[in-house]
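The structure appears below as structure tokens.
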Amino acid sequence: MEDINILIKQRLEKAEELKKDGHNLFKYNFDKKQSIDEIQNKYKDVKQKESGFAKTAGRIMIKRLHGKSGFADLKDESGEIQLYFRKDFVGDEKFSLFKKLDIGDIVGVEGTLFRTKTNELTIVVKKFDLLTKSFRPLPEKFHGLQDKEIRYRQRYVDLIVNDDVKETFKTRSKILSNIRKYMEENNYIEVETPVLQDIYGGANATPFITKHKTLDKDFYLRISLETYLKRLIVGGFEKVFEIGKVFRNEGIDRQHNPEFTLMEYYAAYNDLFDMMNYTEGMIKYLVKTIGFDSGIIEYDEREIDLSGDWERLSMKKAIEKYADIKIDDKENDKLKNIILREDEKAELDNSSRGELIYRIFELLVEDNLINPTFIIDFPIEVSPLAKKKRDAQKGDFVERFELFMNGWEIANAFSELNDPHDQRERFQKQEKKFVEGNEEAQRMDEDFIRSLEYGMPPTGGVGIGIDRLVMLFTNSKSIKDVIFFPHLKDK
RNA sequence: GGGCCAUUAGCUCAGGUGGUAGAGCAACGCCCUUUUAAGGCGUGGGUCGAAGGUUCAAGUCCUUCAUGGCUCACCA
């Protein structure tokens with residue numbers, strides 16, 4: 001303990017005294033019969049007279065001493081309950097132990113229940129034991145812990161004192177378990193694929209590089225799950241999904257953490273439209289099972305309506321609707337001018353028409369997509385893993401959708417490209433961009449192409465950013481609020 | 001990376017125009033057998049984020065740095 005202060009010193013001295021008195025400050029187990037909320041529920045009708053029985057354990061949050069008696073609030077994962085200690089009930093020795101307990105100590109208690117004059121259900125402690133000694137003082141009872149830096153760096157303290165944080169992460173857990181339930185009910189199987197990869201792919205991003213010592217070679221940390229899951233479709237699995245961390249070597253801000261949780265799912269014999277329907281169904285299932293019965297989520301004083309059929313718009317139509325620009329009437333130079341008007345520093349010399357269209361969409365449309373909206377028909381140049389549109393008119397567009405909510409991209413999906421020769425050409429174009437200096441361009445992946453050469457059935461695939469979904473469902477303003485241990489700079 | 005703001009006791013926060021640091025909670029001691037932001041009396045606790053500079057004198061003014069927050073740019 002480097003930053004030893006007087007408060008910690010006092011607790012250490014107190015611990016020494018307790019040890020001298022024969023107390024083990026770190027007990028091995030405790031037969032916790034009930035959680036605190038179980039006790040609260042089971043005995044909610046208890047009157048002032050003592051009745052019932054409870055045996056539970058948790059952390060002491062507050063003590064109020066009254067001479068030969070005293071109260072304390074005990075907190076566990078499920079809730080809080082008041083404890084009442086009396087010298088004549090627990091005996092002199094135990095009562096002096098109670099007086100020595102510090103806020104933060106973990107105790108096991110058993111006793112009967114009653115209700116105080118002010119109607120609070122309370123355990124009359126008959127037996128108790130110190131299970132774990134706490135050495136560091138907790139934040140103040142009333143204001144709690146406000147300092148965001150400490151909350152993120154020492155999330156354990158944040159979780160002890162700030163109940164809403166625990167709620168957010170319980171919701172996160174529930175979202176994940178309900179997703180898994182939904183996927184399994186629809187016959188998807190959960191799989192795991194490599195995090196350490198020879199060739200990263202499936203997205204446009206700068207990767208992290210790491211080194212394998214005995215092989216003496218570099219590996220990339222995956223930036224998506226895509227190409228390995230498709231290999232499994234080639235291998236004969238027909239519906240697979242994976243939920244896992246991916247890593248992108250980019251900036252950190254309210255919506256970006258270097259490692260984040262991506263879910264991808266692939267279904268053989270399905271196309272983009274099947275996946276759109278499925279995705280809408282799955283998210284609506286989550287909305288319902290997380291408890292938004294109306295289908296309306298409130299985020300930052302804004303309502304997002306997930307009920308009803310979600311809007312589907314081609315990228316061009318979305319640009320027409322929100323920016324009043326008819327793409328097909330404009331030459332590339334005009335498109336460039338539109339972009340430069342929004343972003344004077346844009347470098348567009350090498351940009352293809354498709355890239356210009358996509359850029360305009362990003363600049364002028366995305367922020368407007370508050371209620372869930374599927375954007376379809378993406379330019380081929382920005383979609384190297386998607387199949388060309390089956391009714392390809394003039395212009396090169398692919399079967400891809402992105403789902404937007406609250407102006408954020410929530411999901412990204414394709415009718416997966418399964419023509420190995422087309423795939424090779426797309427990779428070659430990406431590789432060229434990489435050589436030209438685009439760090440985020442995708443790389444040639446010969447083994448992936450080889451797998452496609454064996455034949456991958458027509459397949460629909462979707463990726464969902466889980467953290468953002470959790471942010472929406474928990475009204476969290478920062479991705480740091482939905483990741484237990486977000487990345488911060490070293491102190 | 002740019003701009004703006006913040007950093008004072010374990011926690012939450014005060015500290016006009018420079019004059020040797022305060023409160024509440026927490027802690028420690030004493031009193032108190034239904035309190036709940038318990039109460040009463042008393043005590044201790046600070047390199048004021050770091051390093052320089054200006055000044056007789058810096059928590060306060062200046063510079064640099066660190067960390068965090070907001071925001072813009074890039075990205076999911």
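Below, chains carry the letters A, B, ... as their sequence lines are ordered, and counting in each starts from 1.
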Side-chain N or O of [X] less than 4.0 angstrom from OP1 or OP2 on [N]?
X       : N      : answer
R359(A) : C74(B) : yes
R153(A) : G68(B) : yes
K148(A) : G68(B) : no

[N] versus [M] - spacing of their [atom1] atoms, nearest Å:
N      : M      : atom1 : result
C61(B) : G19(B) : P     : 11 Å
G59(B) : G69(B) : P     : 28 Å
A50(B) : A58(B) : P     : 15 Å
G46(B) : U71(B) : P     : 38 Å
G16(B) : A6(B)  : P     : 14 Å
C25(B) : C65(B) : P     : 41 Å
C75(B) : G18(B) : P     : 48 Å
A9(B)  : G3(B)  : C1'   : 33 Å

hbond_proxy [X] side chain to [N] base (donor-acceptor, 3.5 Å cutoff):
X       : N      : answer
E120(A) : U35(B) : no
E140(A) : G10(B) : no
N204(A) : C75(B) : no

Could you please name the partner base of [N], counting Watson-Crick and G-U wobble pairs only when both distances are under 3.5 Å?
N      : answer
C61(B) : G53(B)
G1(B)  : C72(B)
G46(B) : none
A6(B)  : U67(B)
G29(B) : C41(B)
G24(B) : C11(B)

Touch class at under 4.0 angstrom, heavy-atom based, for [X] against every strand present:
X       : answer
E250(A) : base
G463(A) : nothing
L145(A) : sugar-phosphate
I103(A) : sugar-phosphate
F85(A)  : nothing
K14(A)  : sugar-phosphate
D88(A)  : base
L488(A) : sugar-phosphate
K477(A) : nothing
N257(A) : base
K68(A)  : base

Practice task
Hey, can you tell me if Y265(A) and Y188(A) have their rings parallel, tilted or perpendicular (30° and 60° cut-offs)?
Solution key: perpendicular
Practice task
Please work out whether the ring planes of F361(A) and Y358(A) are parallel, tilted or perpendicular, with thresholds of 30° and 60°.
Solution key: parallel
Exercise for the section: Please report the closest heavy-atom contact between E242(A) and L225(A), naming both atoms and the distance. Expected result: O-CD1, 3.6 Å
Problem - Closest contact, heavy atoms only, V90(A) versus K94(A) - result: O-CB, 3.4 Å
Between [options], which nucleotide gets closest to the side-chain atoms of [X]?
X       : options                : result
L7(A)   : U34(B), A26(B), U12(B) : A26(B)
D102(A) : C28(B), C70(B), U12(B) : C28(B)
K117(A) : A26(B), U67(B), U35(B) : U35(B)
P139(A) : U33(B), C11(B), C74(B) : C11(B)
N5(A)   : A73(B), U33(B), G10(B) : G10(B)
S69(A)  : U33(B), C13(B), U67(B) : U33(B)
Y84(A)  : U67(B), U33(B), A73(B) : U33(B)

Please give, in whole Å, the distance from [N] [atom2] to [X] [atom1]?
X       : N      : atom1 : atom2 : answer
D73(A)  : C25(B) : CG    : C1'   : 15 Å
L83(A)  : U35(B) : CG    : P     : 16 Å
R248(A) : C74(B) : CZ    : P     : 17 Å
R11(A)  : G44(B) : CZ    : C1'   : 16 Å
K9(A)   : A9(B)  : NZ    : C1'   : 15 Å
I150(A) : C13(B) : CD1   : P     : 11 Å
L121(A) : U35(B) : CG    : P     : 16 Å
F71(A)  : A37(B) : CZ    : C1'   : 16 Å

Practice task
Taking the side chain as every heavy atom from C-beta outward, state whether F85(A) and F71(A) have any pair of such atoms under 4.5 Å apart.
Solution key: no
Handout entry: Side chain proximity check, R151(A) to N162(A), heavy atoms < 4.5 angstrom
Key = yes
Fill in the blank from the handout: Assign each of E342(A) and S478(A) the nucleotide of RNA chain B bearing its closest heavy atom; nearer the 5' end lies the nucleotide of S478(A)
Completion exercise
By nearest-nucleotide position on RNA chain B, the 5'-leaning member of Q255(A) and K480(A) is K480(A)
Handout entry: Between E226(A) and Y266(A), a side-chain donor and acceptor under 3.5 Å
Key = yes
Handout entry: Rounded distance [0.5 Å steps], CG in L272(A) versus CZ in R400(A)
Key = 10.5 Å
Practice task
Give a yes/no verdict on a cation-pi contact between K477(A) and Y299(A), requiring under 6.0 Å between NZ or CZ and the six-membered ring centre and an angle within 45° of the axis.
Solution key: yes
Practice task
Determine, for R443(A) against E431(A), whether the closest basic-nitrogen to carboxylate-oxygen distance falls under 4.0 angstrom.
Solution key: yes
